[in-house]
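Everything on this sheet refers to the single structure shown next.
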2 protein chains.
Amino acid sequence: MNRATRLALIEKLVRENVIGSQEELLRMMEGTGMKCTQATLSRDLRQIGISRGFDGSGGYRYFLPSGREEAADSLPGSDTAAITGITWARGLLLIKTLPGFAPAVAIRIDRAGRYEIAGTVAGDDTILLIPRDNISNEAVEECLSTIFQS
Amino acid sequence: MNRATRLALIEKLVRENVIGSQEELLRMMEGTGMKCTQATLSRDLRQIGISRGFDGSGGYRYFLPSGREEAADSLPGSDTAAITGITWARGLLLIKTLPGFAPAVAIRIDRAGRYEIAGTVAGDDTILLIPRDNISNEAVEECLSTIFQS
DNA sequence: ATTTAGAGTGCAAATTTATACATTATTTGC
DNA sequence: GCAAATAATGTATAAATTTGCACTCTAAAT
């Protein structure tokens, strides 16, 4: 049970799981029989370079130093996975995707033929979705989750 | 002194300085006359996506979401010359370029990662730029002149 | 003009993370 | 093998960050 083994385990756990706090990671480690205190964990994370960011849906999550994530992440299995973020601005919905994926995702939205969505325009990695008049943001988002659920 | 202005200032300060804690950033903001509490700052940082990492020499530092750090080092300034006109319409900015140059110019704008700009969609010779809500036309134009100066 | 709904904020408390210090292990040089 | 030096860890505590709640402000609706 040495330090190097522990560091490797920590990196593995962070790579393969969504972890929101050091306490949570600690409990996960205990599950594998490897244990230490939160103080040591804090030092280990700094050593490895793991830092905390946002998980994209209101929570927190630890991340490996950039470049160490899973290569597979950058090859989305489905169009849905290509979406990297959405923002409302000026009554329009901006959908950000991985480079090159915007047209594919936009086509899928268009084909759904939802009334709430007046139309879309796709660039390379950004889609502009124009809702119809008097349609709420929530209604549009609900549309999208219907379209992309599965 | 509204929220959007504060968020833009925060992004600017984080982009241009090495900041290690929210208190430190707070003091920096006070220096510009813009002030709020640390609690609000915590919420703002989440909103913008700024998170804390390591500075490479034992300390901490806040970082912009990846891709937003240093704008446009390697991008030729010549794209600027491709812009043939800009017009505001419906709260959106239409940027006209020479044929074929719209994607290149749009990429440059995107890479700058300015908070004020929610996103862009590029055709062949036209870019649609969507500002965030509550951002003035002037602020967006100032952004652009910053992005394209050099 | 008044009401209502929602966003934004400060305050204080809770939670989470980092560190000073003491202690224990590990390595190094003899 | 032994002492000295160095690294690693735990404990307790400090520092930093996040959040629940109440209040304010703004803008839309009646």
Side-chain angles (χ1 to χ4, degrees), chain A residues 1-11 13-14 17-30 33-65 87-91 133-139 141, chain B residues 1-11 13-14 17-30 33-64 91 115 118 132-136:
Chain A
M1 296 298 178
N2 62 9
R3 178 180 157 79
T5 311
R6 191 181 64 241
L7 292 180
L9 171 64
I10 291 170
E11 184 183 320
L13 289 175
V14 170
N17 301 276
V18 175
I19 298 172
S21 74
Q22 297 183 2
E23 294 293 347
E24 189 182 339
L25 176 49
L26 222 44
R27 288 194 298 276
M28 226 175 251
M29 289 169 67
E30 279 172 11
M34 172 77 70
K35 67 171 65 175
C36 66
T37 62
Q38 173 270 323
T40 295
L41 190 48
S42 172
R43 295 170 183 126
D44 287 351
L45 291 175
R46 156 181 295 198
Q47 164 85 38
I48 305 176
I50 291 173
S51 57
R52 193 163 77 144
F54 309 104
D55 71 356
S57 54
Y60 297 89
R61 157 167 200 183
Y62 281 88
F63 288 98
L64 294 172
T87 323
W88 283 96
R90 314 268 162 161
D133 291 336
N134 302 314
I135 294 292
S136 71
N137 293 3
E138 291 69 35
E141 289 181 14
Chain B
M1 296 302 174
N2 63 10
R3 175 180 159 78
T5 311
R6 192 181 62 241
L7 292 180
L9 171 65
I10 291 170
E11 184 185 318
L13 290 174
V14 170
N17 301 278
V18 174
I19 297 173
S21 75
Q22 298 184 1
E23 294 292 349
E24 190 181 340
L25 175 50
L26 222 43
R27 287 194 299 275
M28 228 175 249
M29 288 169 67
E30 280 172 11
M34 171 77 71
K35 66 171 68 176
C36 67
T37 60
Q38 174 272 323
T40 295
L41 189 48
S42 171
R43 295 173 182 122
D44 287 350
L45 292 175
R46 157 181 295 196
Q47 162 88 37
I48 306 175
I50 290 173
S51 57
R52 194 164 76 144
F54 309 104
D55 70 355
S57 54
Y60 296 89
R61 154 168 202 182
Y62 281 87
F63 289 97
L64 294 172
Y115 172 76
R132 278 195 199 280
D133 292 333
N134 302 312
I135 295 292
S136 71

If we only count heavy atoms from C-beta on, is the [X] to [Y] side-chain gap below 4.5 Å?
| X | Y | answer |
| --- | --- | --- |
| E23(A) | L41(A) | no |
| R52(B) | Q22(B) | no |
| Y62(A) | L45(A) | yes |

What's the [atom1]-[atom2] distance between [X] and [N], to the nearest Å?
| X | N | atom1 | atom2 | answer |
| --- | --- | --- | --- | --- |
| R61(B) | dT17(D) | CZ | C1' | 19 Å |
| Q38(A) | dT17(D) | CD | P | 15 Å |
| E23(A) | dA14(C) | CD | C1' | 13 Å |
| Q22(A) | dA18(C) | CD | C1' | 8 Å |
| R52(A) | dA16(D) | CZ | P | 15 Å |
| M34(B) | dG10(C) | CE | P | 12 Å |
| L41(B) | dC11(C) | CG | P | 14 Å |
| Q47(A) | dA7(D) | CD | P | 12 Å |

So, OP1 or OP2 of [N]: does either fall under 4.0 Å of a side-chain N or O from [X]?
| X | N | answer |
| --- | --- | --- |
| S42(B) | dT17(D) | no |
| R3(B) | dC25(D) | no |
| R6(B) | dT9(C) | yes |
| Y60(A) | dT19(D) | yes |
| T37(A) | dG10(D) | yes |
| Y62(B) | dT17(D) | yes |

Quiz item: Is the charged tip of R46(B) near the ring of F54(A): under 6.0 Å from the six-membered ring centre and within 45° of its axis?
Solution: no
Quiz prompt | Exam field: side chain D133(B) to backbone A89(A), donor-acceptor pair closer than 3.5 Å | solution = no
Exercise. Would you kindly compare R43(A) and C36(B) by the position of their nearest DNA chain C nucleotide and give the one closer to the 5′ end?
Key: C36(B)
